[in-house]
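Quick note: numbers below take in every heavy atom, side chains included, and nothing from hydrogens, waters or symmetry partners.
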Amino acid sequence: MVRALSRARGLLDGIPHRRGRAATASSSVSGHGAEDAVAGYVRMLAGGVRPDAYTFPSLLKAVAAARGAGAAAAAVGGAIHAHVVKFGMESNAHAASSLIVMYAARGDGAAARAVLEAARLATGGGAPVMWNALISGHNRSGRFEVSCCSFVDMVRAGAMATAVTYVSVDCARDLFDHMPERDTIAWTAMIDGYVQVGRFRDALETFRYMQICKARADEFTMVSVVTACAQLGALETGEWARIYMGRLGIKMDVFVGNALIDMYSKCGSIERALDVFKDMHNRDKFTWTAIILGLAVNGRGEEAIDMFYRMLTALQTPDEVTFIGVLTACTHAGLVDKGREFFLSMTEAYNISPTVVHYGCLIDVLGRAGKLKEALDTIDKMPMKPNSTIWGTLLASCRVYGNSEIGELAAERLLELDPDNSTAYILLSNMYAKSNRWKDVRRIRQTIMEKGIKKEPGCSMIEMNGIIHEFVAADRSHPMSKEIYSKLENVLTDLRNAGYVPDVTEVLVEVTEEEKQKVLYWHSEKLAVTFALLTSESNVIIRIVKNLRMCLDCHNAIKLISKLYGREVIVRDRTRFHHFRHGSCSCKDYWEAKVQKPSNVSLGIPSSLAMSPVHHCTMSDMMQLGGGHS
DNA sequence: CTAGGGTTAG
């Protein structure tokens with residue numbers, strides 16, 4: 001590449017002052033690698049075409065995107081910079097911005113800044129986009145402190161630009177609101193800023209405000225909007241966004257397609273994800289990875305693996321994320337041999353070193369199949385230090401299979417790494433209870449109380465007519481709270497008449513039977529389902545997104561609700577989808593405990609200590625009711 | 001016609 005450039009330099013002198021065809025040359029260059037771009041540029045010069053303002057941005061973009069910041073790449077960048085100067089383009093905002101991004105992205109902040117200052121001097125201020133370029137370039141090289149400094153400099157220089165999003169979203173919003181005019185890029189940067197920090201509802205709200213302001217969205221904007229919908233499980237809004245794009249003639253490029261596949265998958269609408277997938281003629285590795293993951297978490301592991309083979313046939317190279325999808329598919333489909341096989345093939349066939357996340361997937365595959373010893377051996381042989389997720393995964397499997405020996409070890413390791421992990425305490429005390437080690441049970445409970453360990457509160461979201469409603473356990477803040485609780489009473493009566501028995505043994509605290517039941521009844525997903533029963537048509541699928549894993553009692557209750565009221569309910573929890581229909585669930589109850597409940601009564605254990613395998617919901621129950629401690 | 005804003009996991 002460097003040689004090509006030096007050849008280009010040699011050609012410079014012979015260039016006639018002919019213009020006009022440069023744009024064609026530069027557009028033919030974009031979309032290819034740096035090598036192709038430079039080769040195209042050289043061809044252009046050789047053909048006697050003089051580069052213009054349109055030439056350098058795409059050329060530099062290709063060079064900046066080239067992997068690594070090796071000496072060769074640096075030399076090429078420097079040479080192109082020389083060309084920019086030579087052709088008198090250094091104060092052109094487009095060319096200068098491209099140079100700035102290239103230098104900053106490679107970590108050469110001084111060079112980037114020099115380009116900016118030169119352009120400012122030459123033009124008496126310079127275009128604000130150059131500041132965007134500077135900050136964006138710093139961010140690309142991960143030097144966020146430097147980008148913050150640049151931001152301060154920008155403000156001092158009196159420039160107002162769109163890159164403000166990178167400072168802090170709230171600060172950015174303040175600046176955004178004060179911008180004299182906002183173009184599509186500014187709106188998109190703001191919306192995506194919210195998406196990046198996980199404030200998806202703010203992202204959608206800003207998009208709605210964008211509509212009110214009659215600003216035009218483009219495909220970039222829509223990717224961020226659809227991504228927000230995906231995270232929120234907001235299918236109605238996501239669907240609306242797709243129709244909106246059609247109506248406005250926003251082109252559906254591969255980014256939009258990928259975002260849509262992900263959105264439909266994360267909303268439990270895998271059929272529509274597949275529709276989008278089939279309609280896409282340009283598929284990249286993201287497309288395949290998205291559909292593989294979508295199929296995997298929606299309980300269609302075999303099809304996910306078929307897709308992986310199709311991906312190879314389509315000559316797309318899987319990356320480390322693809323393998324997370326493939327391994328997740330194996331977990332959810334219970335395919336142990338395949339899982340091991342794929343894991344090994346990563347290094348052997350694709351030269352991808354498994355990360356701790358991949359090991360987590362493998363532990364999950366083995367654990368869910370009950371191969372706990374093998375899972376433990378795998379952890380021992382891992383080339384990196386196991387993190388808390390690894391031990392947590394193993395612990396969860398130990399709960400399912402009632403293996404207290406390995407479970408105890410996993411819990412201890414987990415607590416070493418994450419001393420306030422509520423799940424570990426609950427499962428540990430539960431395992432002690434199961435082996436009648438009541439002294440240890442009391443010790444754990446004491447620790448929980450003393451340390452004031454708290455569980456992340458359970459929270460369920462549901463979209464109704466484009467509005468997202470949020471419920472936490474025992475929530476009374478919803479405007480329809482009164483109706484919801486009264487409807488819940490009716491639903492529970494129906495359920496009991498149909499044979500539902502509340503699983504109160506999961507409540508750990510010393511309270512009356514009545515109180516135990518209440519705790520159980522007020523779990524956030526029950527509130528959300530009840531709300532949906534109250535407010536939606538009977539033919540509408542109820543879709544709920546939960547932040548934690550579903551609890552066993554809610555799982556039972558919703559199974560029965562789907563049968564009794566003839567409603568389809570889809571719950572996306574932390575790890576998978578539950579599609580409830582006609583009284584059964586797509587997860588095939590795979591994650592439920594595969595052990596018998598302990599027979600505490602016959603052992604003469606006081607009922608206040610009666611325990612059984614517990615789940616995520618119990619800690620808040622415990623704290624909420626005080627356990628005689630409050 | 002170009003620069004600054006976009007997709008997959010945890």
Please list, chain by chain and in numerical order, all residues satisfying ring-ring contact (aromatic ring centres under 6.0 Å, His included) with Tyr103(A), sequence neighbours excluded. His81(A)
Apply ring-ring contact (aromatic ring centres under 6.0 Å, His included) to Phe323(A) and list each qualifying residue two or more places apart in sequence or on a separate chain. Phe308(A), Tyr350(A)
Range-with-range stems of DNA chain B (Watson-Crick or G-U pairs under 3.5 Å, three or more in a row):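 Runs of three or more consecutive pairs: none qualify.
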Acceptor/donor pairs from residues 285-297 of chain A side chains to any protein atom, 3.5 angstrom cut, sequence neighbours excluded:
residue, atom, partner, partner atom, Å
Lys285(A), NZ, Asp319(A), OD2, 3.2
Thr287(A), OG1, Asn258(A), OD1, 2.7
Thr287(A), OG1, Asp284(A), N, 2.9
Thr287(A), OG1, Asp284(A), O, 3.3
Thr287(A), OG1, Asp284(A), OD1, 2.8
Thr289(A), OG1, Lys285(A), O, 2.7
Thr289(A), OG1, Thr322(A), OG1, 2.8

List in chain and number order the residues that pass side chain to side chain contact (heavy atoms under 4.5 Å, CB included) with [X], two or more places apart in sequence or in another chain; answer none if no residue qualifies.
{"X": "Ser388(A)", "answer": "Leu414(A), Leu417(A), Asp418(A)"}
{"X": "Ser141(A)", "answer": "Arg143(A)"}
{"X": "Ala96(A)", "answer": "Val115(A), Ala119(A), Met130(A)"}
{"X": "Glu219(A)", "answer": "Ile250(A), Lys251(A), Asp253(A), Val256(A)"}

Report yes or no: is there a donor-acceptor pair, N or O only, under 3.5 Å between the side chain of Asp183(A) and the base of dG4(B)?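 Present.
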Distance criterion of 3.5 Å, no angle test: do you see the side chain of Asn132(A) paired donor-to-acceptor with the base of dG5(B)?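 Not at all, since no donor on one side and acceptor on the other fall under 3.5 Å apart.
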Checking all strands, does Val226(A) fall into the base, sugar-phosphate, or nothing category for heavy-atom contacts under 4.0 angstrom? nothing
Students often get this wrong, so: under 4.0 angstrom with heavy atoms, is Arg283(A) touching a base, only sugar-phosphate, or nothing?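 Nothing, no nucleic acid heavy atom in range.
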Per the salt bridge (Lys or Arg N to Asp or Glu O under 4.0 Å) rule, what does the pair list look like for residues 286-303 of chain A, sequence neighbours excluded? Glu271(A)-Arg300(A), Arg300(A)-Glu303(A)
According to the salt bridge (Lys or Arg N to Asp or Glu O under 4.0 Å) rule, which pairs have a member within residues 129-139 of chain A, sequence neighbours left out?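 Output for this query is empty, none listed.
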May I ask you to check whether His83(A) and Tyr41(A) place their ring centres under 6.0 Å from each other?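 Yes, close enough.
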Which atoms form the tightest heavy-atom contact between Ala375(A) and Ile363(A), and what is the distance? O-CD1, 3.6 Å
Atom-pair distance ([atom1] on [X]; [atom2] on [N]), nearest Å:
{"X": "Leu59(A)", "N": "dC1(B)", "atom1": "CG", "atom2": "C1'", "value": "16 Å"}
{"X": "Leu116(A)", "N": "dA3(B)", "atom1": "CG", "atom2": "C1'", "value": "13 Å"}
{"X": "Ile185(A)", "N": "dG4(B)", "atom1": "CD1", "atom2": "P", "value": "8 Å"}
{"X": "Trp187(A)", "N": "dG4(B)", "atom1": "CH2", "atom2": "C1'", "value": "18 Å"}

What are the residues of residues 91-98 of chain A, sorted by number, that bring a heavy atom to within less than 4.0 Å of DNA chain B?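 Listed by number, they are Ala93(A), His94(A), Ser97(A), Ser98(A).
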dA3(B) phosphate, OP1 or OP2, under 4.0 Å from Lys61(A) side-chain N/O: yes
dT2(B) base stacked by Phe56(A) (centroids within less than 5.5 Å, tilt under 30°):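 The ring of Phe56(A) is not stacked on dT2(B).
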Collect all protein-nucleotide pairs involving nucleotides 7-10 of chain B in which both atoms are nitrogen or oxygen and the distance is under 3.5 Å.
residue, atom, partner, partner atom, Å
dT7(B), O2, Asn258(A), ND2, 2.3
dA9(B), OP1, Lys266(A), NZ, 2.7

